[in-house]
Amino acid sequence: TLAVFGRLAGIKMAEFFRDGVRIAFLDEGPRDAPVVHCIHGFASNKSVNWVGPGWVKTLTDAGYRVIAHDNRGHGDSDKPHDEDNYHATVMADDAAALLSHLNIEKAHVMGYSMGARISAFLALRNPGMVRSLIIGGLGTAMIENLNKWGTIADALLAPSLDDVTDERGRMFRAFADQTGSDRIALAACITASRTLLTPDQVASIQAPTLIAVGTKDDIAGPPQPLAAMMKAATVVDIPGRDHMLAVGDKVFKAAVLPFIAAN
């Protein structure tokens, strides 16, 4: 089922359903152009991650078709409260289902943070769909539990931001409040979606891969060890940027365009 339901800054929004869950998405650029499928990070959405920082314009101006959806629990998509909805494989299958729904056989896939993890699982589960893979904001945290994500779930469920003392918890709670998110859904998501990949799984990813992490990112983990495990991966350091600011950086964009063109 597909329905067009609105516009954002001139961008047409649409939706489809997978297993009863409504997934909202945008689809911009020439229909016959190579596709870049953008998958946003935790507590964000397609607008905050990809429209606001200029990614949709950058990619469409370069001649690409851009698909970007709101992960379940986020943005304009449905927000179930059951943790079983948010396993990384379930969310990766949402992304694959959207491509199939639009009759797109193969796409460049770019994910940021949680979206990078989802993108990696997409590449594992549907390797034929992934022309190239761009992992933003995630290095060795893809394979190692470097962060205390339970504190973020607690922060999301606290009565107010004033009740949160953990620094990282406060950051994500403030971001969730800023974006008007469903905090119960996000708490379920952060609890269930942190599935780690094994080094063998990382090594089995066949798609050419670009890994981009801010040099001040204290969440992602270093990107170089992750790249060393992969068949064809290169690393881009995004100078002076932390986890929240790296996503829209010009260095990131300047690296992605030639990488996509080469693949």
Side-chain angles (χ1 to χ4, degrees), residues 5-6 8-9 13 15 21-26 38-56 68-88 90-92 94-95 110-119 136-138 141-142 145-195 213-214 216-221 241-249:
F5 69 90
L8 174 67
M13 302 297 169
E15 60 185 16
V21 177
R22 179 174 55 89
I23 304 295
F25 66 95
L26 62 83
C38 300
I39 306 178
H40 69 76
F42 175 71
S44 189
N45 56 57
K46 61 186 179 303
S47 175
V48 170
N49 234 157
W50 307 120
V51 179
W55 273 108
V56 172
H69 70 283
D70 284 333
N71 289 308
R72 55 177 64 206
H74 298 73
D76 294 314
S77 293
D78 280 347
K79 302 171 180 64
H81 289 175
D82 187 338
E83 289 180 12
D84 288 344
N85 282 277
Y86 296 105
H87 294 298
V90 173
M91 300 172 84
D94 286 342
M110 177 164 63
Y112 193 81
S113 193
M114 179 186 75
R117 189 184 306 277
I118 293 168
S119 298
L138 204 60
M142 183 86 78
N145 187 14
L146 302 178
N147 302 287
K148 297 179 179 178
W149 296 106
T151 61
I152 296 174
D154 292 342
L156 290 165
L157 296 174
S160 76
L161 179 61
D162 293 338
D163 297 300
V164 181
T165 57
D166 177 76
E167 182 179 354
R168 187 163 294 166
R170 285 183 62 85
M171 178 178 71
F172 277 98
R173 171 56 184 267
F175 189 50
D177 288 346
Q178 177 187 344
T179 55
S181 300
D182 182 326
R183 293 184 289 104
I184 297 175
L186 290 184
C189 179
I190 198 67
T191 301
S193 68
R194 309 313 306 175
T195 307
V213 174
K216 292 187 176 180
D217 190 329
D218 63 353
I219 291 176
R241 295 297 195 182
D242 63 15
H243 194 73
M244 292 297 190
L245 294 178
V247 65
D249 190 86

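Numbers for residues simply follow the sequence, beginning at 1.
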Can you give me the closest heavy-atom contact between His81 and Lys79, atom names plus distance?
CD2-O, 3.3 Å
Measuring from atom NE2 of His87 to atom OG1 of Thr191, what distance do you get when rounded to the nearest 0.5 angstrom?
10.5 Å
Got a donor-acceptor contact below 3.5 angstrom from the Ser77 side chain to the Gly73 backbone?
no
Kindly compute the distance separating CE (Met13) from OG (Ser47), expressed to the nearest 0.5 Å.
6.5 Å
Can you see which heavy atom on Asp162 is nearest to which on Arg170, and at what distance?
CA-NH1, 4.4 Å
Looking at Val247, Val48, Asn49, Ile118, which hits side chain to side chain contact (heavy atoms under 4.5 Å, CB included) with His40?
Asn49
Is the side chain of Asp182 donor-acceptor paired with the backbone N or O of Ala185 at a distance under 3.5 Å, no angle test?
yes
Which is it for Val90 and Arg72 under the side-chain contact (heavy atoms from CB on, under 4.5 Å) test, yes or no, and what are the steps along the way?
CA-CA 10 Å; Val90 173; Arg72 55 177 64 206; 3.7 Å; yes
Knowing that exactly one of Asp78, Asp70, Asp76 qualifies, which makes a side chain to side chain donor-acceptor pair (under 3.5 Å) with Arg22?
Asp78
Kindly say whether Asp217 contributes a backbone atom to a donor-acceptor pair with the side chain of Arg241 at under 3.5 angstrom?
no
Look only at the side chain of His69 and the backbone of Ala24, and say whether a donor-acceptor pair between them is shorter than 3.5 Å.
no
Tightest non-hydrogen contact, residues Ser193 and Ala88, listed as O-CB, 4.0 Å
To the closest 0.5 Å, what do you measure between CZ (Arg173) and CG (Asp154)?
11.5 Å
What heavy-atom pair brings Val213 and Gly221 nearest, and what distance separates the two atoms?
CG1-O, 4.3 Å
Heavy atoms only: give me the nearest Trp55-Met110 pair and the separation to one decimal.
CE3-CE, 3.6 Å
Separation of Tyr86 OH from Asp94 CG (nearest 0.5 Å)
10.0 Å
Side chain to side chain contact (heavy atoms under 4.5 Å, CB included) with Arg168: which residues, sequence neighbours excluded?
Asn147, Ile152, Asp166, Met171, Phe172, Asp218, Ile219
Interatomic distance, OG@Ser119 vs CE@Met114, rounded to 0.5 Å, equals 10.0 Å
If you round to the nearest 0.5 Å, how far is CZ of Phe42 from OG of Ser113?
9.5 Å
Could you go through Ser44 and Phe175, starting from their C-alpha distance and side-chain angles, then the distance that decides it, and tell me whether this counts as side-chain contact (heavy atoms from CB on, under 4.5 Å)?
CA-CA 8 Å; Ser44 189; Phe175 189 50; 4.0 Å; yes
Just by distance, do the side chain of Arg117 and the backbone of Thr195 share a donor-acceptor pair under 3.5 Å?
yes
